[in-house]
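Worksheet: one structure, shown below.
Read the numbers this way: they start at 1 and go in the same order the structure lists the ligands and their atoms.
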Amino acid sequence: MKLLHLTFSPRGEQSESTQLSQAIVDRLCCEHTVSQIARRDWAQHATSSIDGAYAHALANAARRTDDMPSSESLAASEMLIRELENADLVVIGTPMHNFTVPASLKTWIDLIVRVNRSFNITPEGKVGTLKDKPVYIAIASGGFFGSERSRQPDFLTPYLKAILATVGLHDLRFFSAQGMALGSEAVQAGKAKAMEDFTKLCSSQASNKLSLHA
Ligand SMILES: Cc1cc2nc3c(=O)[nH]c(=O)nc-3n(C[C@H](O)[C@H](O)[C@H](O)COP(=O)(O)O)c2cc1C
C-alpha cells in the first residue's frame, strides 16, 4: 500500500495536527503493509495563491479542454493530483483557522479540484474522477467545535466532506485534538481523545474483518 501524508500547519514539527497525523501514520504502518510513504509539508512550500493563467484556464475549461496554457500552478496541480491518484491511503494533518481550513490547505484544494481533470460537470452535477480511498484527517483546534461544549461554528469538516467528495473521495475519517489553546491539561486530554477515537476505529475495523472471515 502506498500512503500519502500531507500536512498544512505553519508551525512545522511543533504543530499539534502534524504530530497527531504522524501518530496516525505510524499506527497505519503497523496495521497495513505500507510499501511507500510520500510526505508533503505543504504549508512550508505552498505558493500564496493560484496564478492568473491557472484561474483563466479553469474559467474556460468547461468549453475547451486541450489548450490550457502552461503555468506554475497548472504544473503543481498536475503533480498533486497524480500524487493523490497514486496513493492507497491518505493522511491529512490540518489546524482549524478561523473556523475553517488554513490558507495553505485552501490553496492545495484549489490545485487538486480541477474541472475536466479531477472532476467532470455532468447533468447530474459535479462527478469526481479519483478512485475512492480512505482519507484520515487529523485536526487540531485551539477551542472546541462540533459538540455541546463548542462555542464556535465548524466550517472545516463540512467543507472538506463536500469538496473532497467533488473529486471522488467520500471515505473520510476525522480525528480532532481540540482545546489546544486551553492549557496543558486540556492539551493532554484533547490529544488522548483523538487517539482514543482512532484506536476505536481500528478495533471496529479489525472486528469487522474477523467477522467477514468467520
Ligand atoms: C490564524 C489562526 C486562526 C485560528 N483560528 C481558530 C479557530 O477558528 N478556532 C479554533 O478553535 N482555533 C483557532 N486557532 C488555534 C489553532 O487551531 C490551534 O492553535 C491549533 O492547535 C493549531 O494547530 P497546529 O498546531 O497544527 O498548527 C487559530 C490559530 C491561528 C494561527
Open item on the list: Testing the 3.5 Å rule here: is there a donor-acceptor pair between the side chains of Ser73 and Ser71?
Closed with: no

Open item on the list: Less than 4.5 Å apart, side chain to side chain, heavy atoms only: is that true for Leu130 and Ser118?
Closed with: yes

Open item on the list: Considering Gly142, Ala177, Ser17 one by one, which has a heavy atom nearer to atom 16 (C) of ligand 1 than any of the others?
Closed with: Gly142

- [ ] Go through the side-chain N and O atoms of Arg117 and Ser77 and say whether any donor and acceptor fall under 3.5 Å apart.
- [x] no

Task: Heavy-atom pair of closest approach, residues Asp51 and Tyr54 - done: OD1-N, 3.0 Å

Task: Part of Gln178 within contact of ligand 1 (heavy atoms, under 4.0 Å) - done: neither

TODO: Specify the protein heavy atom at minimum distance from atom 5 (N) of ligand 1: its residue, its atom name, and the distance to 0.1 Å.
DONE: Asn98 N, 2.8 Å

Task: Between Thr107 and Asp110: side-chain donor-acceptor atoms closer than 3.5 Å - done: no

TODO: Below 4.0 angstrom from a heavy atom of Phe99, which ligand 1 atoms are there? Numbered from 1 as shown, please.
DONE: 7 (C), 8 (O)

Task: Nitrogen or oxygen atoms of Pro10 and ligand 1 under 3.5 Å apart - done: no

Task: Heavy-atom pair of closest approach, residues Ala194 and Phe175 - done: O-CD2, 4.0 Å

Task: Taking atom 14 (N) of ligand 1 as the reference point, the nearest protein heavy atom with its distance - done: Met96 O, 3.4 Å

Task: Residue among Asp171, Leu201, Val90, Ile92 satisfying side-chain contact (heavy atoms from CB on, under 4.5 Å) with Tyr136 - done: Leu201

TODO: Identify the protein heavy atom lying closest to atom 9 (N) of ligand 1, giving its residue, its atom name and the separation to 0.1 Å.
DONE: Gln152 OE1, 2.9 Å

TODO: Return the residue, atom name and 0.1 Å-rounded distance of the protein heavy atom closest to atom 23 (O) of ligand 1.
DONE: Pro95 CB, 3.2 Å

Task: Ligand-residue contact atoms, ligand 1 with Arg11, heavy atoms, under 4.0 Å - done: 24 (P), 25 (O), 27 (O)

TODO: Please work out whether any backbone atom (N, CA, C, O) or any side-chain heavy atom from C-beta onward of Met180 is under 4.0 Å from ligand 1, and answer side chain, backbone, both or neither.
DONE: side chain

- [ ] Considering only non-hydrogen protein atoms, determine which one is nearest to atom 27 (O) of ligand 1 and report residue, atom name and distance to 0.1 Å.
- [x] Ser9 OG, 2.6 Å

Open item on the list: Looking at Lys126, I'd like to know if its NZ atom is crowded, meaning that more than 12 non-hydrogen atoms belonging to other residues, nucleotides or ligands lie closer than 6.0 Å.
Closed with: no

Open item on the list: Please classify the His97 to ligand 1 contact at 4.0 Å (heavy-atom distances, strictly less than): side chain, backbone, both or neither.
Closed with: both

